[in-house]
Amino acid sequence: MSPSRYAVFGHPIQHSLSPHIHKAFSEQTGISLEYTAIDTMPETFSATLDAFVAQGGRGGNVTLPLKEAAFALCARTSERARLAGAVNTLVRESDAWYGDNTDGAGLVRDLTGRHGLDLRGRRALLLGAGGAARGIAPALLDAGVMELVIVNRTPERADELMDRLGDPARAHSRYWDDLESHGDFELILNATSIGRDAKAEFDLPLGLCNRMTLAVDLNYGNAAIPFLAWARAAECRDVVDGLGMLVEQAAESFELWHQVRPDTDPVYQKLREHDALLVMAN
Ligand code: NAP
């Protein structure tokens, strides 16, 4: 019998680490599967998924810029996907897709479990309002942050995310240009793709940080360098990149597909060594 097929969909996708992570989970658990990376844009996503199903596709991960399109394609979604309006995990159910969003659970598990950080009571600043920000915002509120301030280059998207969260006592949208007037934060998260531009710099006010601040970049590798450099210059107490979140959200997806939870630590350690080599090489 041929192994069941899974894939990560996005654009660009050739450097995705997801195939390596799921291969490692497959070897560790003894669950036979094939997991590939498929490049597709929002306009071609639906047809690409149909072809994937015709070839035995059973589930998928979705990354930028497709998470909102994936949500729209699903017949059924989880509550956390509906809160986010974005799907990062697809599960084939008879003749339709079920969509979930494991980004938020993955982030919180990495920060609280792996790094031993307590998110409760923190005043949080979320930079970005794209698919990833939408996935993590509900989980941050669930994890007990005291306040969530959302800023985005396109302010209407920050407003939309705030409305979607439906927690006006804790979640607010503000203007990026006006950041200096919002005080300091114990948690600052970069959920933008700014760092993917090799020439990018983070020109944020240093006063956003205090002596308790945890700075988190959802990006990893070279894309995390600009924000993490700013966070270190601002003397944030803890600085974490998105590699652990990547492994944890993948484990959540793996569990949805196979009802088995893989051990993430050895996979994370291996990727961390690989990531250090890649960053040093640049
Ligand atoms: P997305 O839906 O395309 O959203 C991109 C976000 O970045 C939007 O808020 C966008 O603002 C903002 N942005 C892009 N270029 C900008 C610029 N030059 N200046 C200011 N803001 C800019 O992407 P996504 O899915 O949310 O992913 C965001 C990043 O998180 C990606 O780099 C991705 O690799 C990373 N990520 C990591 C994980 C993980 O597991 N570690 C999971 C998910 C995502 P506008 O709305 O104004 O366009």
Side-chain angles (χ1 to χ4, degrees), residues 8-18 20-22 37 41-42 45 61-72 80-81 84-89 100-111 114-115 125-140 149-162 164 173-177 179 189-204 216-228 230 240-254 264 267-268 271-272 275:
V8 57
F9 299 87
H11 178 81
I13 203 67
Q14 68 271 25
H15 298 302
S16 172
L17 294 175
S18 294
H20 305 284
I21 295 172
H22 284 278
M41 294 291 282
F45 187 30
N61 286 124
V62 182
T63 186
L64 94 173
L66 300 174
K67 288 181 183 177
E68 282 122 321
F71 179 77
R80 56 192 183 179
V87 155
N88 81 333
T89 306
D100 196 358
N101 194 314
T102 65
D103 278 341
L107 173 73
V108 170
R109 192 180 273 264
D110 180 55
L111 296 177
R114 176 166 293 111
H115 297 285
L125 172 65
L126 176 58
L127 305 170
R134 291 157 67 131
I136 66 170
L140 292 169
V149 174
I150 306 159
V151 297
N152 192 49
R153 174 177 61 181
T154 309
E156 295 77 16
R157 292 185 87 193
D159 294 344
E160 194 204 322
L161 173 53
M162 177 194 67
R164 188 175 275 284
S173 58
R174 297 284 183 259
Y175 289 113
W176 190 297
D177 291 344
L179 265 177
L189 304 114
N190 175 35
T192 75
S193 49
I194 296 174
R196 287 172 166 245
D197 173 353
K199 295 189 202 90
E201 277 182 31
F202 267 83
D203 186 21
L204 298 170
V216 181
D217 197 335
L218 268 56
N219 296 279
Y220 45 85
N222 290 322
I225 290 175
F227 177 74
L228 296 185
W230 170 81
V240 175
D241 73 4
L243 198 63
M245 170 186 170
L246 180 76
V247 179
E248 296 303 330
Q249 62 79 29
E252 294 266 329
S253 299
F254 191 92
T264 53
V267 181
Y268 171 77
L271 284 177
R272 176 61 70 201
D275 185 66

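For the numbers below, each heavy atom of this structure counts, side chains included, while hydrogens, waters and symmetry mates do not. Remember, it's 1-based here, ligands and their atoms both numbered in the order they're listed.
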Any N/O of [X] closer than 3.5 Å to an N/O of ligand 1?
X: Ile194; result: no
X: Ala133; result: no
X: Pro65; result: no
X: Trp176; result: no
X: Asp103; result: no
X: Tyr220; result: no

Original post:
Does the side chain of Ser173 come under 3.5 Å of the side chain of Asp159 through a donor N or O and an acceptor N or O?
Top reply: yes

**OP:** Verify whether one side chain among Asn61 and Ser18 offers a donor that lies under 3.5 Å from an acceptor in the other.
**Re:**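 No, Ser18 and Asn61 have no side-chain donor paired with an acceptor closer than 3.5 Å.
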
Which option, [options], owns the non-hydrogen atom nearest [atom]?
atom: atom 23 (O) of ligand 1; options: Leu189, Val216, Asn88, Leu64; answer: Leu64
atom: atom 44 (C) of ligand 1; options: Gly221, Ala132, Ser193, Ala223; answer: Ala132
atom: atom 10 (C) of ligand 1; options: Leu246, Thr192, Leu243, Asn152; answer: Asn152
atom: atom 17 (C) of ligand 1; options: Arg153, Glu156, Glu68, Arg157; answer: Arg153

Subject >> Ion pair Asp103/Arg80, N-O distance below 4.0 Å >> reply: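 Looking at Arg80 together with Asp103, the answer is no, because their closest N to O distance does not fall below 4.0 Å.
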
**OP:** For Gly128, take its heavy atoms, then give the atoms of ligand 1 lying under 4.0 Å from any of them.
**Re:**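 In order of numbering, the contacting atoms are 9 (O).
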
Subject >> ligand 1 atoms in contact with Ala191 (distance to a heavy atom under 4.0 Å) >> reply: 28 (C)

**OP:** Please report which non-hydrogen protein atom sits nearest to atom 43 (C) of ligand 1, along with the residue it belongs to and the distance in Å to one decimal place.
**Re:**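 The closest one turns out to be Lys67 NZ, 3.3 Å.
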
Original post:
Which residue and non-hydrogen atom of the protein lie closest to atom 34 (O) of ligand 1, and at what distance in Å?
Top reply: Arg196 NH2, 2.9 Å

Original post:
At a non-hydrogen distance cut-off of under 4.0 Å, which region of Arg134 contacts ligand 1 (side chain, backbone, both, or neither)?
Top reply: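 The answer is neither; Arg134 stays 4.0 Å or more away.
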
